[in-house]
Amino acid sequence: MTAVLDDNARLGFEISDVDLSKPLDDATVERLENEIVRHSVVVIRDQKITPEQHKAFGARLGELAIHVAKAYLLPGHPEVYIVSNVVENGRNIGVSDAGPTWHSDFSYLPAPAKYSLLYALEVPVIDGEPKGDTSFASTFAAYDALPEKRKRELESLKVIYRYGDQYEKRRQSGSQLVALTGEQRQQTPDVMHPMVRTHPKSGRKCIYISDGTAAGVVGMAESEGRQLIRELIDHCTQPRFVYRHRWRVGDLVVWDNCSSLHKANSKDYALPYRRRMHRVTVSGSVPF
Ligand code: OGA
Ligand code: MN
C-alpha cells in the first residue's frame, strides 16, 4: 500500500503514538514536520479532536489559511473547511468532492498552501469496505525519474493558474458548488508558478502542476501548454509514485503540497453513505 520511492524515503508514513488533543512539545512538532517533509504524507491514526485542537495543531506548523469558498467553512471556525457529502436543511454542509482531479491545494494563489491537514469524522463503509479513498503522488520522485535533459527544459517554464474557470466548469457539469461572487473571483486572479519548484525545507526539486487550475504554460500556445500539463500529470501519477489512503474514522492525514499531488476518489459512494471531513490548511511561501 505504501509506495517505495527510494532506499530510505516512502510516500505515506503512519504514526500512532501522538495525541493531538493535547498540547505538543517542540520536539514532537519538529519530529512530525520532519516526517511530513521526508514522506510527503503522514497519517496520524486514532485521533479524537475538536476543531480548536485541529487548528491548534495546524498553527504549530505555520499560519492558517482561510479558503475562498466561504460557503463551506465551519460556522465559528473559518479556518476549518468542510469536505462532506452530507446535506442538512436542504443544503450541502461542505464541498462534496474537494478534489476530483490531481492537484496541489491553493496552487492558484500567489502563496499556495504548505500543508493540508484532513481529519476524518465520518467515512462511508459499504459491505465492510471503506470508500472515498484519497490518492497521493510524489512530485519529487516524479521529478527525479526524468532524464536530465528533460529536467533542464522544464525548469525554465512557468505555469499559469486560473481558479474561476475550473470552478465554473465543475459547477456547470453538475457539481453542487455555489457560484463564486465577483469578490471571490477578484481574490483569485491568474497567477504564475515555476513548473519545477524547490522544496523550501528539503531543497529537493518537485514538479509543480495542478490538473484543473493549471490553464497553460507561459510562452506556449494554449493547446500546447495544456498538452504538456496533461503529460506531466500522467507522468507524476504513475502507480510507482502513488499512495492511496484508505480512511478510518479518526485519521488525520497531513500532506505536503510542494512534494505531492492528491486526488479524491468520490465516485464509489453516495448518500445515504456519509463522508465528513474537516480540513485545516497551513499557508506557504511563494514558490521558487
Ligand atoms: C482536500 C482534498 C480530497 C478528499 O481536502 O484538499 O482534495 O479525498 N480532499 O477529500
Ligand atoms: Mn485538495
Side-chain angles (χ1 to χ4, degrees), residues 1 11-12 36 40-44 51 54-55 57-58 61 64-74 77-86 92-109 112-125 129-139 161 163 166-167 170 175-177 188 208-214 233 236-237 242-271 273-284:
M1 184 148 126
L11 175 63
I36 298 163
S40 304
V41 179
V42 165
V43 178
I44 308 174
H54 191 177
K55 292 193 296 189
F57 175 47
L61 299 170
L64 303 187
I66 297 182
H67 204 286
V68 290
K70 302 277 183 280
Y72 305 122
L73 306 180
L74 183 68
H77 300 277
E79 303 87 350
V80 177
Y81 179 63
I82 306 173
V83 178
S84 181
N85 67 342
V86 172
N92 276 84
I93 62 165
V95 59
S96 62
D97 188 348
T101 56
W102 286 99
H103 67 282
S104 172
D105 291 333
F106 296 165
S107 52
Y108 48 83
L109 296 183
K114 177 159 66 172
Y115 308 129
S116 301
L117 294 73
L118 193 61
Y119 175 54
L121 291 153
E122 293 182 63
V123 175
V125 176
E129 288 288 316
K131 302 291 179 183
D133 295 353
T134 308
S135 298
F136 296 91
S138 171
T139 55
Y161 293 86
Y163 182 66
Q166 62 93 38
Y167 188 93
R170 272 167 69 188
S175 155
Q176 42 77 17
L177 297 167
T188 53
Y208 191 62
I209 37 171
S210 269
D211 194 7
T213 52
I233 294 277
C236 290
T237 59
V242 169
Y243 162 66
R244 181 168 170 144
H245 183 64
R246 298 186 92 188
W247 289 93
R248 296 204 311 232
V249 170
D251 284 352
L252 184 133
V253 176
V254 187
W255 62 86
D256 183 327
N257 282 293
C258 175
S259 60
S260 65
L261 292 174
H262 61 280
K263 178 171 100 68
N265 298 279
S266 58
K267 301 276 182 271
D268 59 359
Y269 67 95
L271 288 174
Y273 297 98
R274 291 161 59 107
R275 188 176 192 263
R276 190 161 62 93
M277 330 280 259
H278 280 176
R279 188 181 108 192
V280 163
T281 317
V282 178
S283 298

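Computed from a predicted structure; not experimentally measured. Counting convention: from 1, in listed order, for ligands and their atoms alike. Throughout, residue positions are numbered sequentially from 1 according to the sequence presented.
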Just which atoms of ligand 1 are under 4.0 Å from any heavy atom in [X]?
{"X": "Ala264", "result": "3 (C), 4 (C), 8 (O)"}
{"X": "Thr134", "result": "3 (C), 4 (C), 8 (O)"}
{"X": "Arg275", "result": "4 (C), 8 (O), 10 (O)"}
{"X": "Asp105", "result": "6 (O)"}
{"X": "Val83", "result": "5 (O), 10 (O)"}

Taking a cutoff of less than 4.0 Å between a non-hydrogen atom of the residue and any ligand atom, is [X] in contact with ligand 1?
{"X": "Trp255", "value": "yes"}
{"X": "His103", "value": "yes"}
{"X": "His262", "value": "yes"}

**Study point:** Minimum-distance atom from the Mn ion (ligand 2) among N, O or S atoms of Asp105
**Key:** OD1
Review point. Between His67 (side chain) and Thr281 (backbone), is there a donor-acceptor pair under 3.5 Å?
Key: no
Check your understanding: Taking both backbone and side-chain atoms of Trp247, is any N or O found less than 3.5 Å from an N or O belonging to ligand 1?
Key -> no
Check your understanding: Are any of the N/O atoms in Asn265 less than 3.5 Å from those in ligand 1?
Key -> no
**Study point:** Residue and atom name of the nearest protein heavy atom (relative to atom 5 (O) of ligand 1), distance in Å to one decimal
**Key:** Arg279 CD, 3.3 Å
Revision key, fill the gap. In this structure, atom 9 (N) of ligand 1 is nearest to the protein heavy atom Ala98 CB, 3.7 Å
Spacing of [atom1] belonging to [X] relative to [atom2] belonging to [Y], to within rounding of 0.5 Å:
{"X": "Asp211", "Y": "Cys236", "atom1": "CG", "atom2": "SG", "result": "11.0 Å"}
{"X": "Ser260", "Y": "Asp105", "atom1": "OG", "atom2": "CG", "result": "8.5 Å"}
{"X": "Ser210", "Y": "Ile233", "atom1": "OG", "atom2": "CD1", "result": "6.5 Å"}
{"X": "Thr139", "Y": "Asp256", "atom1": "OG1", "atom2": "CG", "result": "8.0 Å"}

Check your understanding: Would you call the rings of His245 and Trp247 parallel, tilted or perpendicular, where under 30° means parallel and over 60° means perpendicular?
Key -> perpendicular
Exercise for review: Specify whether Tyr119 and His54 have parallel, tilted or perpendicular ring planes, treating 30° as the upper limit for parallel and 60° as the lower limit for perpendicular.
Suggested key: perpendicular
Point to revise | Verdict with supporting geometry, Tyr269 and Arg275, side chain to side chain contact (heavy atoms under 4.5 Å, CB included) | key: CA-CA 9 Å; Tyr269 67 95; Arg275 188 176 192 263; 3.0 Å; yes
Exercise for review: Would you please test His278 and Leu121 for side chain to side chain contact (heavy atoms under 4.5 Å, CB included) and show each step?
Suggested key: CA-CA 7 Å; His278 280 176; Leu121 291 153; 3.6 Å; yes
